[in-house]
Amino acid sequence: MLNLILRLQLCCLILEGVYPMSIRNDTNPNNSIETLTNVVQRLEERLNNITHIIEKDKASERKAVFFFVRRSDYVTLNKYSIVTFSEAVINEGKHFNIYDGIFVAPVSGIYQFTWTTRTESSKTAGTELRVNNIQQAFSYMNIGSSAGYASATMITLCQVQEGHHVWIQTTSSFSENYFYVNSFTGMLIHY
Ligand SMILES: *[C@@H]1O[C@H](CO)[C@@H](O)[C@H](O)[C@H]1NC(C)=O
Ligand SMILES: *[C@@H]1O[C@H](CO)[C@@H](O)[C@H](O)[C@H]1NC(C)=O
Ligand SMILES: *[C@@H]1O[C@H](CO)[C@@H](O)[C@H](O)[C@H]1NC(C)=O
């Protein structure tokens with residue numbers, strides 16, 4: 001929109017720069033009318049062009065992208081296992097598939113991802129966020145026998161390209177990962 005306003009202003013400046021003498025010179029009325037007609041025609045053309053730009057902009061209107069998914073039970077997973085989910089609380093644009101645990105970025109941009117895992121005493125849990133199969137952030141929990149339970153939250157910002165896949169999986173650290181995923185969220189914060 002700002003771009004459009006700048007263009008409009010630029011257009012007016014150009015027209016003013018080119019035509020001011022002719023428009024204001026009344027010594028030859030024939031000339032003035034001709035010039036005015038020209039200016040009006042150019043303005044009309046310009047207006048049509050701008051209308052076209054606005055309509056195109058509206059058609060490709062940028063949508064918000066965000067999700068919030070979770071799992072309602074503990075899972076036991078070995079190494080390198082992608083976490084799937086039982087519930088999508090919010091799934092704007094439906095870019096997250098809870099059944100395979102994968103978010104597919106609809107547009108390139110900076111995304112924020114967070115996830116919270118919880119585990120219990122005597123258990124281990126290592127999880128990592130992968131973007132296009134590259135680790136972006138990780139969390140390890142190795143809980144003592146009398147600890148009760150503990151939660152860990154990771155927050156990260158990533159550049160994600162359109163069509164790239166994002167997911168949470170267990171790390172290479174523990175052969176047994178026992179945890180609960182309170183939440184996994186993602187949102188597009190900047191194009
Ligand atoms: C106004 O128009 C007349 C006739 O076309 C021309 O001689 C004169 O130079 C013009 N004046 C200006 C200020 O453009
Ligand atoms: C304006 O146009 C009319 C008709 O074409 C012509 O007779 C007249 O001489 C023109 N005036 C000037 C100042 O050019
Ligand atoms: C309007 O758009 C056309 C096609 O892009 C261009 O050729 C023309 O110069 C534009 N007109 C104006 C007044 O900007």
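The figures here come from the full heavy-atom set of this structure, side chains too, leaving out hydrogens, waters and symmetry mates. Counting convention: from 1, in listed order, for ligands and their atoms alike.
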So which heavy atom in the protein is nearest [atom], and how far is it from that ligand atom?
{"atom": "atom 8 (C) of ligand 3", "answer": "Glu45 OE2, 3.3 Å"}
{"atom": "atom 14 (O) of ligand 3", "answer": "Arg46 NH1, 2.9 Å"}
{"atom": "atom 4 (C) of ligand 3", "answer": "Asn49 ND2, 4.7 Å"}

### Query
Atoms of ligand 3 less than 4.0 Å from Arg42 heavy atoms?
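Ligand 3 atoms under the 4.0 Å threshold to Arg42: 13 (C).
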
### Query
With a 4.5 Å limit on heavy-atom distance, are the side chains of Tyr180 and Tyr149 in contact?
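Side-chain contact under 4.5 Å: no.
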
### Query
According to the interplanar angle, ranging from 0 to 90°, do the rings of Phe67 and Phe96 count as parallel (below 30°), tilted (30 to 60°) or perpendicular (above 60°)?
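Judged by the thresholds at 30° and 60°, the geometry between Phe67 and Phe96 is tilted.
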
### Query
Angle class for the Tyr140/Phe138 ring planes (parallel below 30°, perpendicular above 60°, tilted otherwise)?
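Tilted, since the angle between the ring planes falls between 30° and 60°.
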
### Query
Side chain of Thr170, backbone of Ser81: donor and acceptor closer than 3.5 Å?
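Flag set: sc Thr170 to bb Ser81 pair under 3.5 Å.
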
